[in-house]
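Read through the structure below, which is laid out as C-alpha cells, and then see the notes.
In what follows, chains are A, B, ... by sequence order, proteins preceding strands, each numbered from 1.
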Protein chains: 2
Amino acid sequence: MKRITMKDLAKEAGVSVATVSLVLNKKASHLSQATIDRVERLAKELGFVSNLHAKSLKTKQSQTIGLILPDITNAFFTQMAKRIEYHLTQAGYLLLLNHTDGVAIQEIMAIKRFKQLHVEKIVLVASHVSTYHFVEEHRLNHFVIFLDRIITKPAFCWVGSDDYQGGALVARALIAHHHYHVLCVTGPSHFTNVQERLAGFREVYQQNNHPYDVVCLEGDFTVDAGDRLAKTIFKHPYKAIFFMNDLMAIGFYHACMEAAISIQEQYAIIGYDDIEFVRYLSPPLTTVRQPIDAMARRVMHLILDEGEMHEKLPVTLISRKSLYAKREEE
Amino acid sequence: MKRITMKDLAKEAGVSVATVSLVLNKKASHLSQATIDRVERLAKELGFVSNLHAKSLKTKQSQTIGLILPDITNAFFTQMAKRIEYHLTQAGYLLLLNHTDGVAIQEIMAIKRFKQLHVEKIVLVASHVSTYHFVEEHRLNHFVIFLDRIITKPAFCWVGSDDYQGGALVARALIAHHHYHVLCVTGPSHFTNVQERLAGFREVYQQNNHPYDVVCLEGDFTVDAGDRLAKTIFKHPYKAIFFMNDLMAIGFYHACMEAAISIQEQYAIIGYDDIEFVRYLSPPLTTVRQPIDAMARRVMHLILDEGEMHEKLPVTLISRKSLYAKREEE
DNA sequence: TTGTACGCGTTATCAA
DNA sequence: TTGATAACGCGTACAA
C-alpha cells in the first residue's frame with residue numbers, strides 16, 4: 001500500500017539516493033554495471049514509480065499540457081483533441097483537459113487552474129474576447145497557444161485554418177451551381193472566424209459579374225440553432241444555404257425531417273468542418289474540411305518551441321450530394 | 001516572468017511563510033485582520049498562484065483524476081467525459097485525459113503515467129482482460145474505477161448500466177413488432193457487455209412461446225464494422241437487426257445509402273447508446289439509452305469514497321422510426 | 001565509482 | 001498572534 005520512494009530503493013539496494021537517481025535517469029555511464037543492474041532490478045521488483053510532483057518541483061518541467069475546449073461533445077473539437085493527444089503522448093507529454101461550455105469565466109478559471117499545475121503550455125479554443133484580454137494582461141502570450149478561434153494579433157501564438165479561403169471556396173462552389181441568392185447562417189459575429197469566412201465569401205461574389213444577394217442569419221454553432229432558424233429559413237425565398245458549421249446544418253436537416261421537407265428537392269446546402277457524421281446524413285453534406293491533423297502538428301511545434309508563431313492552414317471543399325445545381329433563376 | 005512564491009510574498013509582506021500559508025488556506029482565524037488583509041492584497045497584486053506540485057508533495061493529495069478512454073471521438077464516451085468533467089470541476093478536481101485506441105499496452109501505460117502523477121483515482125474504460133489483470137496484480141483495486149465495460153468481479157470498483165436489461169428491452173420491442181427472425185450485430189465477444197446484452201435478449205425470446213431465430217455477427221463497435229457487415233446482411237433473409245452500438249448502425253445506414261436501399265421499407269433496426277446524432281439519421285434510430293449522467297454521478301461518489309462499490313444502472317428504450325412493424329411473417 | 005548535502009514550494013508542528 | 005523549522009520525494013553540484 002505504501003508508496004516506494006527512491007530512499008526506500010536506495011536503502012534496499014545498499015546505495016545512496018543519488019546513485020538511484022542516476023541509474024533511473026540513464027545518467028549512470030560512470031557507475032559500475034553491477035550497481036546499475038541491482039538498482040534497476042529492485043526498481044522493477046518493488047514496483048517503483050517516480051513522483052512527478054517532486055520531479056516537477058525540482059526540474060520545473062511538468063511534461064504536461066493543458067487543453068481548454070468550449071465543448072468536448074462537438075465532434076470537431078473532439079477530433080482535434082484526439083490528434084493533439086496523440087502527438088503529445090508520442091512526445092511524452094500528458095494532456096489535461098478542461099471544458100468551458102464556452103463561458104468566459106470558465107475559460108479564465110481553466111487558465112488559472114492550469115497555471116497552478118504548472119503545465120508547460122496551454123492550448124486554448126477561446127470563445128470570448130475577454131479571454132484574450134486576460135492572456136494579454138497577465139503576459140501569458142507565450143504560454144498560451146490559441147487554436148481555431150483566432151484573434152489575429154501578432155502578440156499571440158495561434159494556429160488556425162484559412163477562414164477567408166474557406167468562405168471563398170463555398171462561394172465559388174455555389175456560383176458554379178448558379179446560386180446567386182444565398183442565405184448565410186453564421187456563428188456569433190464577434191468571432192474572427194465568422195468575419196473572415198464572410199469576407200472571403202462576399203469577395204468572390206463581388207468579383208463575379210452577376211447580380212447577387214447574401215442574407216445573414218446569426219446562429220451560435222449548435223444543432224439547436226440550426227433547428228430553430230429553420231422556421232425563418234422555410235419562409236425565405238432563397239434556397240441556397242451556407243451554414244458556418246456542420247452542427248447547425250444538422251439542426252436544419254432535422255427541422256426539415258420534422259416538417260417533411262425534402263432537402264434534395266428544395267435546398268442546396270454547404271456546411272463547414274466536415275465532422276465525421278455529416279457524410280452519413282441524407283443527402284450527405286457538402287462541407288469545408290479543416291486540416292485537423294496538420295493543425296495538431298503545428299500546435300505540437302509551438303509547444304516544442306519550433307516554427308512560426310502564427311499558422312493559417314489551407315482548407316478544402318468536400319463535395320457531397322447536398323449541393324445540387326439550381327435549374328433556373330427565379 | 002519569474003514566478004512569485006510564498007517566500008517572495010512573505011518577504012514582501014514582512015511576515016513568515018507560515019503566516020502566508022495560513023492566510024491563503026483560510027486557516028487564519030487566529031491571525032490579526034491586519035495581516036490577513038495585507039497578505040491577501042499582496043497576493044492579488046503580485047499575481048501569486050500556488051504551486052500545486054509542491055502542495056501535492058506535501059499533502060499527498062493532487063486533486064486530480066485520470067480518465068482513460070478507448071476513443072475520445074466516440075460520441076458515447078465523449079458525452080460521458082463531459083458529464084464526469086462537469087461534476088469533477090464542480091468538486092474542485094482536475095481531469096487528466098488519456099486516449100488508448102483500445103490498445104491493451106496503451107491502457108496499461110496510461111495507468112502507469114497516472115500513477116506517476118499521483119492522481120487520486122483512475123476512471124477507466126478498459127477494452128482488454130489484460131488490463132483487469134494488471135489492476136489486480138498491482139493491487140490497484142481501490143484506485144481504479146471501471147466504467148461501462150465491466151468485468152463483474154466483486155474485487156473491482158465499477159459503474160455500468162444494466163446490459164442484461166438492455167438486451168431484454170430490445171427483444172421485447174422487436175417481439176412487439178412481430179420480429180422473430182433477427183440478426184444481432186455484436187461487439188467483440190469477450191466484452192461482458194456483449195455477453196450480457198445477448199443473454200438478456202435471448203432470455204426474452206425463450207420466455208416467449210413462439211418459434212424464433214437469432215443469428216449473430218461480430219463487429220467491433222466502429223462505423224466501419226457496420227458498413228462492412230452490410231454486405232453480409234444484404235444477402236441474409238432476416239430483416240430485423242439489433243446493432244449493439246449506434247456507431248455500427250450508422251455504418252449500416254451508410255451502406256444502405258450507397259446501395260440505394262431504403263431502410264424504412266426493408267429493415268427494422270435498433271441501436272444501442274443513443275448518441276446524439278442518431279436522432280438525425282433518416283429514419284431516426286430506435287435505440288437503448290444509457291443513463292450517462294447518472295453513471296457520471298456514481299463515478300463521482302466512488303471518487304469521493306461514498307456509496308456502493310458496484311453500480312448497475314437501468315437503461316431505457318428510445319423509440320424512433322427505424323423500427324417498423326413487420327406486416328407478415330415469411 | 002559513489003555519497004553528502006542542499007534546494008524546489010508547500011504544509012504542519014512546535015515554540016515564542 | 002506569529003515565526004522557525006522539519007518534512008514531502010526528487011535532482012544535482014561537489015566532495016570523497
In this structure, how many angstroms lie between the [atom2] atom of [N] and the [atom1] atom of [X], rounded?
X: A:Leu117; N: C:dT10; atom1: CG; atom2: P; result: 13 Å
X: A:Gln61; N: D:dT12; atom1: CD; atom2: P; result: 10 Å
X: A:Asp8; N: D:dG9; atom1: CG; atom2: P; result: 8 Å
X: A:Leu22; N: D:dG9; atom1: CG; atom2: P; result: 20 Å
X: B:Asn25; N: C:dA12; atom1: CG; atom2: P; result: 7 Å
X: A:Lys27; N: D:dC14; atom1: NZ; atom2: P; result: 15 Å
X: A:Lys11; N: C:dG3; atom1: NZ; atom2: C1'; result: 16 Å
X: A:His30; N: C:dG3; atom1: NE2; atom2: P; result: 16 Å

Compare side-chain N and O positions of [X] against OP1 and OP2 of [N] and report whether any pair is under 4.0 Å apart.
X: A:Thr19; N: C:dG3; value: yes
X: B:Ser21; N: C:dT10; value: no
X: A:Thr35; N: C:dT1; value: no
X: B:Lys7; N: C:dG7; value: no

For the helix from C:dT1-D:dA16 to C:dA16-D:dT1, what angle separates the axis at the start from the axis at the finish, each from five pairs, in steps of 10°?
50°
What nucleic acid atoms does B:Met6 come within less than 4.0 Å of, heavy atoms only: base, sugar-phosphate, or nothing?
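Base, at least one base heavy atom under 4.0 Å.
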Please work out if B:Val23 contacts a base, only the sugar-phosphate, or nothing of the nucleic acid, heavy-atom cut-off 4.0 Å.
nothing
Indicate yes or no for a side-chain donor-acceptor contact from [X] to the backbone of [Y] under 3.5 Å, with no hydrogens or angles considered.
X: A:Glu311; Y: A:Gly160; answer: no
X: B:Asp101; Y: B:Val103; answer: no
X: A:Thr19; Y: A:Val15; answer: no
X: B:Glu85; Y: A:His99; answer: yes

Assess whether a salt bridge exists between B:Asp71 and A:Lys82, defined as any Lys/Arg side-chain N lying under 4.0 Å from an Asp/Glu carboxylate O.
yes
Inspect the contact between A:Lys121 and A:Asp305 and indicate whether a charged nitrogen and a carboxylate oxygen are less than 4.0 angstrom apart.
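Salt bridge between A:Asp305 and A:Lys121, a charged N being under 4.0 Å from a carboxylate O: yes.
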Selection from C:dT11, D:dG9, C:dT4 that lies nearest to any side-chain heavy atom of A:Thr5
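Shortest atom-to-atom distance from the side chain points to D:dG9.
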Among residues 50-59 of chain B, which residues get a heavy atom nearer than 4.0 Å to DNA chain D?
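When residues 50-59 of chain B is checked for heavy atoms under 4.0 Å from DNA chain D, the hits, listed by number, are B:Leu57, B:Lys58.
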Closest nucleotide of DNA chain D for B:Ser32 versus for B:Lys60: which of these residues is on the 5' side?
B:Ser32
Keeping to residues at least two apart or across chains, list the side chain to side chain donor-acceptor pair (under 3.5 Å) pairs with something in residues 32-48 of chain A.
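Side chain to side chain donor-acceptor pair (under 3.5 Å) check on residues 32-48 of chain A returns A:Lys26-A:Glu40, A:Ser32-A:Thr35, A:Gln33-A:Asp37, A:Arg41-A:Glu45.
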Would you compute the distance between atom CD1 of A:Ile108 and atom NE2 of A:His128 and round it to the nearest 0.5 angstrom?
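Rounded to the nearest 0.5 Å, the CD1-NE2 separation comes to 9.5 Å.
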Have a look at B:His53 and tell me which of A:Lys60, A:Lys55, A:His53, A:His118 forms a side chain to side chain donor-acceptor pair (under 3.5 Å) with it.
A:His53
Show your working on salt bridge (charged side-chain N to carboxylate O under 4.0 Å, His left out) between B:Lys312 and B:Asp163 and close with a plain yes or no.
CA-CA 9 Å; B:Lys312 193 176 269 190; B:Asp163 290 303; over 6 Å; no
